[in-house]
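These numbers were taken from a predicted model, which means no experiment stands behind them. When reading the values below, keep in mind they use all heavy atoms of this one structure, side chains included, and skip hydrogens, waters and symmetry mates.
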Amino acid sequence: MGEIKIAAQSLRMSIHTRMQYRVDSLVATLAVFVREATNIIVIYLALMKFDKINGWNVNEMLFLFSLLFLTYAFVVSLFADLRDFSCMIREGRFDRLMLRPRGLLFQLILNNADIIASIGHGTLGICLFLISANKVGITWDIPTILYYISAIIGGVLIQGGMFILFSALSFYFVETNSIREIFYWNMRKFAGYPISIYNKLIQTLMMYVVPFAFVNYFPAQYLLRKEDMADYNEMYMYIAPCVGVVIYLTAYGFWRISVKRYKSTGN
Amino acid sequence: MQMIEVNGIKKYYKVAKRDKGITSSVKHLFHRNYQVKKAVDDISFSIKKGEIVGFIGPNGAGKSTTIKMLSGILYPDEGKLQINGYIPYKQRKQYVKNIGVVFGQKSQLHWDLPLIESFELMKYIYKIPQNLYEENLEKFTKLLDMENFINQPVRQLSLGQRMRGDIVAALLHSPEIVFFDEPTIGLDVVAKEKIREFIKYMNETEQTTIIFTTHDMQDIEKVCDRLIIIDEGKKIYDGTIDGIKNKYANSKTIEILLENGEKEVKTFDINKTPMNEVMEGLFSKYHIKDISICEPEIDEIIRDIYEGRVALKTTDGKVGEI
Ligand SMILES: Nc1ncnc2c1ncn2[C@@H]1O[C@H](COP(=O)(O)OP(=O)(O)OP(=O)(O)O)[C@@H](O)[C@H]1O
Ligand SMILES: [Mg+2]
């Protein structure tokens, strides 16, 4: 109960903050939307020429993308403080959380929501979903809907878990931004396409190291059943929603150990 | 009952030594030279419930580091620490329910929102019952004179107003122990006075145990019963303010008014010249109409101690306790 009240108050504060800069927030949200949408349009135009990539047509590609954007919308509203964690440490804001009688991760997750990025990515995700969902041959019956929802939750947990892992690393190293830049943001760019188009190395990375494949590729495969799935273990489609839980729990465990090393900055 | 029991705590920071140039920054990636900084080096003290203790020392003495260990943010590298029955760094969640911490240099308030929003968040985080919350909020805002800015975004507040907001945010849950790290830094005389009165009030009415650090000796004189001085991570004094005046005041100032109306001011060292010798000397030299002996200013004594002009330790090497 109390937890929900904290969550509600925190969200209220995040929204209230943005509302003070209404025009600014609107423009920023639009900017996020346009930036991401432009990428999609470029791909869309390219696909008009090629027709298909590894058997995936335009609508299927957009569906693949929609999963990435929808999950990310939740990720930035929940894990914004973990995304910006090294900054938090540097500014000593993390100290504050230690002085409050609540779990640290709990506070980090509830504290700040990046509403701008969330709305920007979320709207685009919804648009892509609406455009593609009815044209890719999915029958939206109850089991399918349930799978879809758990796949979204799993995708959020995978990315949230990765943010937690990267944050925990900053208890050991001063500079973790570049590691995250390489492993998270670059790999995320690859995740827009079916992983079957990449070489073995990148595929391996996407499945076992930075498992974006379980955020969108395998869930989309479960729903679409394209031929390139033959290259992978069929199980992967079914376990995709569970991968998130496993990664999240692993990340949580690592976090618990690492946070003990925390030594705060001066002053 | 001892509220705070600190036994030989140490905190060493490892600071990476960095040389300039590309080759050394490449080397730096693989191998680092660390320099150990002894921020807190074997400090012990105990504090009873309801005491107000001033914690002073020159910049970099280790005050903030000590406060961080007391409040559970840092683990001591060595030593024991028990506060209100808890070991702060081990039982963090339970322990922090009973403490409030104010870092004067770092706000915990939400920059873009009115104070009241941050207070509301505290209410939920600490599970403060609504009636206690309202009671405390009303009392504090009155005492600290905050009624007219409680609905203004924090970014529009002056430093003194913001500090008052931070103090309230840290005390809404009626903690039994409060640590203030420089709560009067950068404030004007009036704001300082308000905060001092408030701290005193909390201590007197609620029996709140208080430790606070400051660089302003007025704070100490007006608020604290007891003073702990640390320097380079070591405790060099623990006792009353009068005690330090008596013990370390090596100079006294005498003002004499002469028969012819002129004034003379003399300073002398009572350790070198006993009082009666000084007096004899003065009376034989001047025709004195009036004489007054001024107590040394605490500021001067502290300055002398920081600058090492005063022997900090008694001859047997023990910390001066009075
Ligand atoms: N995170 C850190 N890493 C390395 N050294 C640190 C760190 N924090 C503090 N120090 C060093 O430890 C010593 C004690 O610092 P501390 O902040 O406790 O001093 P202080 O007494 O609060 O000083 P001030 O009056 O300036 O606030 C200083 O020499 C400082 O440089
Ligand atoms: Mg300090």
Side-chain angles (χ1 to χ4, degrees), chain A residues 1-22 24-25 81 88-113 115 171-175 178-179 256 258-267, chain B residues 11-16 29 37 39 59-60 63-65 67-69 71-75 77 88-114 117-127 153 155 169-170 173 175 179 181-182:
Chain A
M1 236 355 255
E3 280 72 16
I4 296 174
K5 284 186 184 154
I6 299 176
Q9 175 67 10
S10 302
L11 185 63
R12 219 177 85 90
M13 289 168 83
S14 294
I15 294 173
H16 198 131
T17 303
R18 295 314 331 175
M19 290 299 279
Q20 296 199 359
Y21 309 96
R22 235 163 283 194
D24 182 60
S25 303
D81 270 345
M88 241 187 131
I89 295 259
R90 224 177 311 118
E91 290 170 8
R93 277 183 290 142
F94 186 60
D95 286 357
R96 288 279 25 142
L97 305 187
M98 300 192 75
L99 296 172
R100 295 173 183 169
R102 298 285 175 168
L104 294 168
L105 214 44
F106 169 80
Q107 295 185 69
L108 286 167
I109 290 170
L110 287 194
N111 255 359
N112 287 313
I115 290 173
F171 295 125
Y172 303 90
F173 310 104
V174 187
E175 232 300 305
S178 46
I179 304 178
R256 289 290 298 249
S258 310
V259 81
K260 295 213 170 94
R261 284 182 52 103
Y262 176 64
K263 298 201 172 115
S264 151
T265 47
N267 262 309
Chain B
K11 184 77 207 176
Y12 295 171
Y13 289 113
K14 263 193 198 166
V15 193
L29 281 175
K37 169 84 209 166
N59 290 128
K63 303 180 294 297
S64 299
T65 306
I67 297 281
K68 282 179 185 173
M69 285 192 280
S71 52
I73 295 174
L74 289 179
Y75 290 40
D77 290 326
Y89 50 95
K90 281 199 182 145
Q91 296 152 290
R92 185 186 70 81
K93 270 196 254 181
Q94 280 303 313
Y95 169 66
V96 296
K97 283 182 190 164
N98 306 300
I99 65 164
V101 187
V102 177
F103 288 110
Q105 312 217 24
K106 263 179 222 153
S107 180
Q108 66 162 321
L109 304 166
H110 213 289
W111 188 243
D112 281 312
L113 298 175
E117 296 277 348
S118 296
F119 296 164
E120 289 275 315
L121 184 63
M122 292 303 129
K123 178 173 86 184
Y124 299 126
I125 284 184
Y126 286 95
K127 295 190 187 147
R155 75 183 123 84
H173 59 291
F179 304 117
D181 192 5
E182 304 196 43

Could you state the interatomic distance from [atom1] ([X]) to [atom2] ([Y]), rounded to the nearest 0.5 Å?
{"X": "A/M13", "Y": "B/L113", "atom1": "CE", "atom2": "CG", "value": "5.0 Å"}
{"X": "B/R92", "Y": "A/L104", "atom1": "CZ", "atom2": "CG", "value": "4.0 Å"}
{"X": "A/I6", "Y": "B/M122", "atom1": "CD1", "atom2": "CE", "value": "9.5 Å"}
{"X": "A/L110", "Y": "B/L121", "atom1": "CG", "atom2": "CG", "value": "9.5 Å"}
{"X": "B/D112", "Y": "A/H16", "atom1": "CG", "atom2": "NE2", "value": "9.5 Å"}

Return the option, out of A/R96, A/K260, A/Q20, with the maximum number of heavy-atom pairs under 4.5 Å with chain B.
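Ranked by contacts with chain B, first place is A/R96.
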Identify, with sequence neighbours excluded, every residue that meets salt bridge (Lys or Arg N to Asp or Glu O under 4.0 Å) alongside A/R102.
A/E3
Salt bridge (Lys or Arg N to Asp or Glu O under 4.0 Å) partners for A/R256, two or more places apart:
none
Heavy atoms only, distances under 4.5 angstrom: which of B/I67, B/I125, B/T65, B/V101 has the most pairs with chain A? Name it, please.
B/I125
Chain A: which of B/Q108, B/K127, B/K97 shares the most heavy-atom pairs with it under 4.5 Å?
B/Q108
Is there side-chain contact between A/L99 and B/F179, with heavy atoms separated by less than 4.5 Å?
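In short, these two side chains do not touch, never coming nearer than 4.5 Å.
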Does the side chain of B/H110 reach to within under 4.5 Å of the side chain of A/N112, using non-hydrogen atoms?
yes
Region of A/Y21 in contact with chain B, defined by heavy-atom distances below 4.5 Å:
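For A/Y21, the contact with chain B is made by the side chain alone.
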Show your reasoning for whether side chain to side chain contact (heavy atoms under 4.5 Å, CB included) applies to B/E117 and A/R12.
CA-CA 9 Å; B/E117 296 277 348; A/R12 219 177 85 90; 2.6 Å; yes
